[in-house]
Amino acid sequence: MTEQEKIELRDRIQSVQERIARAAEQAGRKPEDIILVAASKMNNAERVQAAISAGIRVCGENRVQELLEKYEQNAYQGADLQFIGTLQTNKVKYLIGKVSLIQSVGSVHLGEAIAKEAAKHGVCQDILLEVNIGREAAKSGLPPEELDEAIARLSEKKSLHIRGLMAIPPIADEFTKNLGYFNEMQQVFVDNLTKKYDNVDMDYLSMGMTNDFETAIACGANMVRIGTAIFGARPYQIVSP
Ligand SMILES: *Cc1c(COP(=O)(O)O)cnc(C)c1O
C-alpha cells in the first residue's frame, strides 16, 4: 500500500465513524454503543492491518478459507475477529478458537454443529442467529416465525451463548432503503428481549451495511457490518467501461 492509500483508508474510516456517531445521536443513543464491524473480504492482510492501525477494532470475514489464509498472516492482530458469512457445518471446526462471534447462524442444524465443536474444544462460542427477514427463498437464515423454537432448542447447549440477532435484508433501491425490514427486525428483537432462556442474552442487533447503516441504526441496530465505505469498492464491484 502506498502512503496515499493509507491516508485515504484512514479518511474513509473516520468518515464512517462520524456517520455512525451522528446516526446514533439522532436515534438518542451513544456512539460508543454501536459496534462497527469492518467487513474485510477481498482485502489482503496488509490492508486489514492498515485498517486496524487506523482505528478498526472488529473485523468480519465471510469466507472460511480466506479467513484462515489471512489469520496465518496475522492480519487481524490488534482486533477482534468475527465470522459473518455463510457457513457449512464441516468448516465450523476451523473457526472455533479463532473467532469471538459467529454472526451467521441461520439454522438449528448449524447451531448444533457449532455447539458440538465448541464443546470438543472446551469453550463456549458466542453466536448470533441470522433471521431471513425478507423470507427470501435463496437466502439462508431462520424465518421470523421459526426463531422462537430455534432459540429454545439452542439455549439447551451449554457450549453456545446466543448474543443476539443478525439480518441481511433484500437488496433495496435507494429510496426504500430497507426501512420496512429493519423495522420488522427491531420488533422481532424487542419481542425476544423479554424472554428468559439459559445461555441467551439479546445484546446485539446486527444489521446495516454501506448503503443503509444509518437507517439500520435508526431502527435499533447496535452492530453494523461495513465493507465498501471503509475499504473502497471490491474488485468485482468495479464495473469496467
Ligand atoms: C460484505 C458484507 C458486508 C458489507 O457489505 P458492504 O455493502 O460492502 O458494506 C456486510 N455483511 C456481510 C455478511 C457481508 O458479506
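It should be emphasised that the depicted structure is a prediction, and the values quoted were computed from it without experimental measurement. Counting convention: from 1, in listed order, for ligands and their atoms alike. Numbering of residues begins at 1 and proceeds along the displayed sequence. Heavy atoms only: backbone and side chains are in, while hydrogens, waters and symmetry mates are out.
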(Q) Closer than 3.5 angstrom, by distance alone: can the side chain of E66 be matched with the main-chain N or O of M42 as a donor-acceptor pair? (A)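 Indeed, once roles are kept as given, a pair shorter than 3.5 Å links the two residues.
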
Q. Side-chain donor-acceptor pair under 3.5 Å between Q125 and S159, yes or no?
A. no

Q. Can a donor-acceptor pair be found between the side chains of Q187 and D191 at a distance below 3.5 Å?
A.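 There is such a pair between these side chains.
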
**Q.** More than 12 heavy atoms from other groups under 6.0 Å of CD on E8
**A.**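 Correct, the count exceeds 12.
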
Q. Would you call E145-R135 a salt bridge at under 4.0 Å N-O?
A.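 Looking at E145 and R135, the cut-off is met.
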
Q. Can we say K116 and E112 salt-bridge, meaning some charged N sits less than 4.0 Å from an Asp/Glu carboxylate O?
A.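 Here K116 does not pair with E112 in a salt bridge, since their nearest N and O are not under 4.0 Å apart.
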
Q) N/O to N/O below 3.5 Å, does that happen between N211 and ligand 1? A) no

Under 4.0 Å to a heavy atom of [X] - the qualifying atoms of ligand 1, by number:
X    : result
N62  : 15 (O)
K41  : 1 (C), 2 (C), 3 (C), 14 (C), 15 (O)
I226 : 9 (O)
A39  : 2 (C), 3 (C), 4 (C)

Q) Nearest non-hydrogen atom to atom 6 (P) of ligand 1 belongs to which of T86, I168, T210? A) T210

Q | Q103 and ligand 1 - part of the residue with a heavy-atom distance under 4.0 Å | A | neither

